[in-house]
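The next block holds one structure in the form of structure tokens; read it before the comments.
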Amino acid sequence: MPQPESRTPSFMMVRDRLKEQIRSAVESAQRTGALPPFEIPQFDVLRPKQAEHGDYSSNVAMVAAAAARKAGGAQSNPRAIAQAIADQIALASATSTGAGSTDAPLIGSVEIAGPGFLNIRLADGWLQAQVPAIIAAGAAFGNSDRLAGQRWQVEFVSANPTGPIHYGGARNAVLGDALAGVLQAAGANVQREYYVNDGGSQFKWFLETLYARYMNLFGHPVAIPEQGYVGEYVIGYAQLVRDDVGDALVSMDRAAALVALRPLGRAIVLADLERELGRMGVHFDNWFSEQSLYDEGLVQQSLDYLDARGELERRDGAVWFKASAYPGCDKDEVVVRSTGSPTYLAGDIAYHYDKFVRRGFDKVVNVWAVDHQGHVARMAAVMRALGMDPDRLIILLYDLVKLVRDGQEVKLSKRKGNLVTISDVVDEVGSDAMHFNLLSRGPESVIEFDLDLAVAQNNDNPVFYVQYSHARICSIFEKAAAEGVAVAGTPADTALLVHPSELALVRKILELEEQIDYAVDRLAPHNLTHFASELARTFNAFYRDCRVVDPDNVALSAARIELCRAAQTALVRVLTLLGISAPTTM
RNA sequence: GCCCCCUUAGCUCAGAGGAUAGAGCAACUGCCUUCUAAGCAGUUGGCCGCAGGUUCGAAUCCUGCAGGGGGCGCCA
């Protein structure tokens with residue numbers, strides 16, 4: 001059978017190809033006089049909910065009817081217009097078959113239904129030909145070039161460097177990581193960045209706590225400051241400091257010791273953050289220091305820049321950013337206190353100046369918890385004040401995670417010390433279950449996560465369902481190899497795949513591209529968890545209906561092995577994007 | 001008071017202006033001589049918070065209202 005050798009991993013999405021074919025069919029119909037001349041309006045190609053309505057449907061005839069009527073044409077019945085378009089599509093498909101084309105025709109049939117929908121069914125031959133193409137695409141399957149050439153940054157987590165991250169931060173981590181993944185899949189050059197807030201008061205209180213714990217190790221009764229961190233983990237950090245420098249800080253005066261402690265404490269807490277995030281498979285390309293903005297004078301530089309543009313004002317001894325001049329902001333914001341010390345916003349202005357002006361990212365996504373929503377309009381104002389298009393900065397807000405244990409909500413607080421960390425939850429439910437759970441809902445929904453239930457219902461967790469399917473595929477490969485029927489990777493005639501469950505599986509696999517595109521569109525990857533479940537379910541239906549390993553039909557077995565490999569390709573791809581492992585046995 | 005988000009099956013949630021609103025869990029009924037039954041098939045379950053509007057068509061867009069959550073600091 002003809003193999004689509006020329007197809008690259010990023011071939012045009014089916015939906016877009018259909019749209020193109022429909023458009024040219026309309027134009028052909030207009031040329032032949034079947035349709036009156038009119039400007040082709042915006043129309044949709046979408047996936048019908050009902051399977052009987054085909055693989056795709058289009059409302060082109062309905063929206064064209066209005067346009068035709070407006071153009072004064074006699075033909076304005078949507079169903080009649082649909083018929084004219086369908087005729088042209090059928091004609092085009094029939095004539096494109098020959099001419100030595102390596103591409104099988106995409107469209108199998110077109111039907112007219114309801115008020116004038118065009119219901120399109122993909123051709124079996126085309127579907128069969130996609131199986132080797134999917135396998136060939138491998139880890140790149142589902143990629144597109146939609147964002148090719150663009151430099152993106154996703155800044156996420158960015159929890160204060162004062163100790164382990166609480167569970168709510170896990171949502172930020174999985175969301176940012178998955179988002180960065182789909183942006184990369186869409187062709188963008190993506191940097192994952194963690195903004196380290198080592199320049200503010202929280203870090204200062206952390207250092208003072210660390211100092212107190214350190215001194216306590218040597219029997220000196222230094223009290224933990226009132227705003228310090230009482231969690232016992234700081235004792236562990238203090239022991240690491242002692243391991244590193246011994247009693248060198250004990251004899252120093254307090255101020256000098258704190259200065260010396262700054263890089264030590266920073267390194268210790270960052271190592272802890274990195275390790276903890278690493279346990280969930282989340283890794284950053286860059287850890288950006290807030291303090292460095294001050295050390296390099298960038299805060300002053302960007303404030304001077306705003307001042308020169310007339311965006312600042314001195315009032316009541318403080319320096320204000322005139323945010324109220326911008327939409328969504330009802331008041332000005334202090335950037336330098338009357339005490340002379342800059343506010344957090346001053347650092348943030350410099351930080352974003354750095355992101356866009358110095359480092360030149362085309363787009364930046366900041367993943368923030370919803371309690372920072374007041375900061376969103378402010379940052380848009382900052383962008384405008386810096387003379388940049390505010391659309392280049394995208395703030396992705398996600399709502400909170402309510403952790404429930406023993407029927408009661410667990411309050412998360414580093415200060416109180418009854419910390420529930422990411423590691424705690426990874427220990428309890430596992431990284432994979434946590435990823436799936438936190439990524440199966442939209443960012444704006446509140447998640448109530450019952451730890452007891454998660455443990456008790458381990459087997460009912462959808463993530464296991466999906467992983468089980470993958471393990472099942474691997475098991476089939478072993479079985480096939482053991483029986484000497486077919487080895488994965490041997491050439492096969494995928495035209496033998498004609499069973500409805502086989503073709504349904506190919507269809508579902510091919511949907512991944514659109515799912516990734518949709519996630520990029522919305523900058524929210526939660527549709528991918530649902531897709532993963534659907535893909536697994538579709539595979540299981542195929543598994544039920546079609547025996548893969550059959551010594552009496554080696555050719556068919558080989559073709560089905562290839563289909564399994566294609567399914568595996570898609571499963572691994574979507575699980576990888578979600579930060580979930582694909583175990584070979586369970 | 002002003003601003004933002006949410007409200008869909010008993011529960012947790014999807015739903016991209018399209019046709020008869022979907023999954024999972026829970027409940028009930030079947031299916032292992034079989035490549036993983038950690039699976040599959042089926043049944044039950046809905047004034048899509050309420051009321052208007054926009055249009056060929058609204059869970060989806062607009063307005064108002066109710067309920068829930070969050071934000072409005074010379075905090076970060």
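Every chain is numbered from 1, with letters handed out A, B, ... down the list of sequences. Side chains included, hydrogens not; waters and symmetry mates left out as well; all remaining heavy atoms used.
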Check: [X] side chain, [Y] main-chain N or O, donor-acceptor pair, under 3.5 Å:
| X | Y | value |
| --- | --- | --- |
| A:Asp332 | A:Trp320 | no |
| A:Glu483 | A:Ala480 | no |
| A:Asn59 | A:Asp44 | yes |
| A:His352 | A:Met383 | no |
| A:Ser581 | A:Pro583 | no |

Query raised in the report: Could A:Lys19 and A:Phe43 be counted as a cation-pi pair, given that NZ or CZ must be under 6.0 Å from the ring centre and within 45° of the axis?
Result: yes

Query raised in the report: Checking A:Arg15 against A:Tyr56: charged group under 6.0 Å from the ring centre and within 45 degrees of the axis?
Result: no

Measuring to OP1 and OP2 of [N], would you say a side-chain N or O of [X] lies under 4.0 angstrom away?
| X | N | result |
| --- | --- | --- |
| A:Arg544 | B:A41 | yes |
| A:Asn540 | B:C40 | yes |
| A:Tyr543 | B:A37 | yes |
| A:Lys331 | B:C72 | no |
| A:Ser445 | B:A14 | yes |
| A:Arg441 | B:A23 | no |
| A:His526 | B:G15 | yes |
| A:Arg47 | B:G15 | no |

Under 4.0 Å, counting only non-hydrogen atoms across every strand here, what does [X] touch: a base, just sugar-phosphate, or nothing?
| X | answer |
| --- | --- |
| A:Ser440 | sugar-phosphate |
| A:Ser201 | sugar-phosphate |
| A:Glu448 | sugar-phosphate |
| A:Glu290 | nothing |
| A:Asp545 | nothing |
| A:Asp521 | nothing |
| A:Ala541 | nothing |
| A:His530 | sugar-phosphate |
| A:Cys546 | base |
| A:Arg378 | base |

Check the interface with nucleotides 29-32 of chain B: list each N/O to N/O pair with the protein under 3.5 Å, or write none.
none

Query raised in the report: Is there a donor and acceptor pair closer than 3.5 Å between the side chain of A:Thr343 and the base of B:C74?
Result: no

Query raised in the report: Taking the six-membered ring for Trp, are A:Tyr468 and A:Tyr465 ring centroids under 6.0 Å apart?
Result: no

What's touching nucleotides 67-70 of chain B from the protein side, N or O pairs under 3.5 Å?
{"from": "B:G70", "atom 1": "N2", "to": "A:Gln373", "atom 2": "OE1", "distance (Å)": "2.4"}

Among [options], find the nucleotide with the atom closest to the side chain of [X].
| X | options | value |
| --- | --- | --- |
| A:Tyr518 | B:G15, B:G39, B:C74 | B:G15 |
| A:Arg472 | B:G24, B:G39, B:C74 | B:G39 |
| A:Phe117 | B:G18, B:A37, B:A76 | B:G18 |
| A:Glu52 | B:G18, B:G17, B:U20 | B:U20 |
| A:Arg15 | B:G18, B:C74, B:A16 | B:A16 |

Query - Which residues share a salt bridge (Lys or Arg N to Asp or Glu O under 4.0 Å) with A:Glu534, sequence neighbours left out - result: A:Lys508

Query raised in the report: If you measure only the distance, is there a donor-acceptor pair under 3.5 Å linking the side chains of A:Arg441 and A:Ser445?
Result: no

**Report entry** Between B:A23 (P) and A:Leu528 (CG): distance, integer Å
**Finding:** 20 Å

Query raised in the report: To the nearest Å, how far apart are A:Leu397 CG and B:C4 P?
Result: 13 Å

Report summary line: Sorted by position of nearest nucleotide on RNA chain B, 5' first, the leading residue of A:Pro342 and A:Gly442 is A:Gly442

**Report entry** Toward the 5' end of RNA chain B, by each residue's nearest nucleotide, A:Asp44 or A:Thr584
**Finding:** A:Asp44

**Report entry** A:Tyr195/A:Tyr351 under ring-ring contact (aromatic ring centres under 6.0 Å, His included): CA gap, chis, key distance, verdict
**Finding:** CA-CA 9 Å; A:Tyr195 185 45; A:Tyr351 182 37; 3.8 Å; yes

**Report entry** Nearest-angstrom distance, C1' atom, B:C25 to B:C72
**Finding:** 39 Å

Query - A:Glu290 side chain reached by A:Asp198 side chain, heavy atoms, under 4.5 Å - result: yes

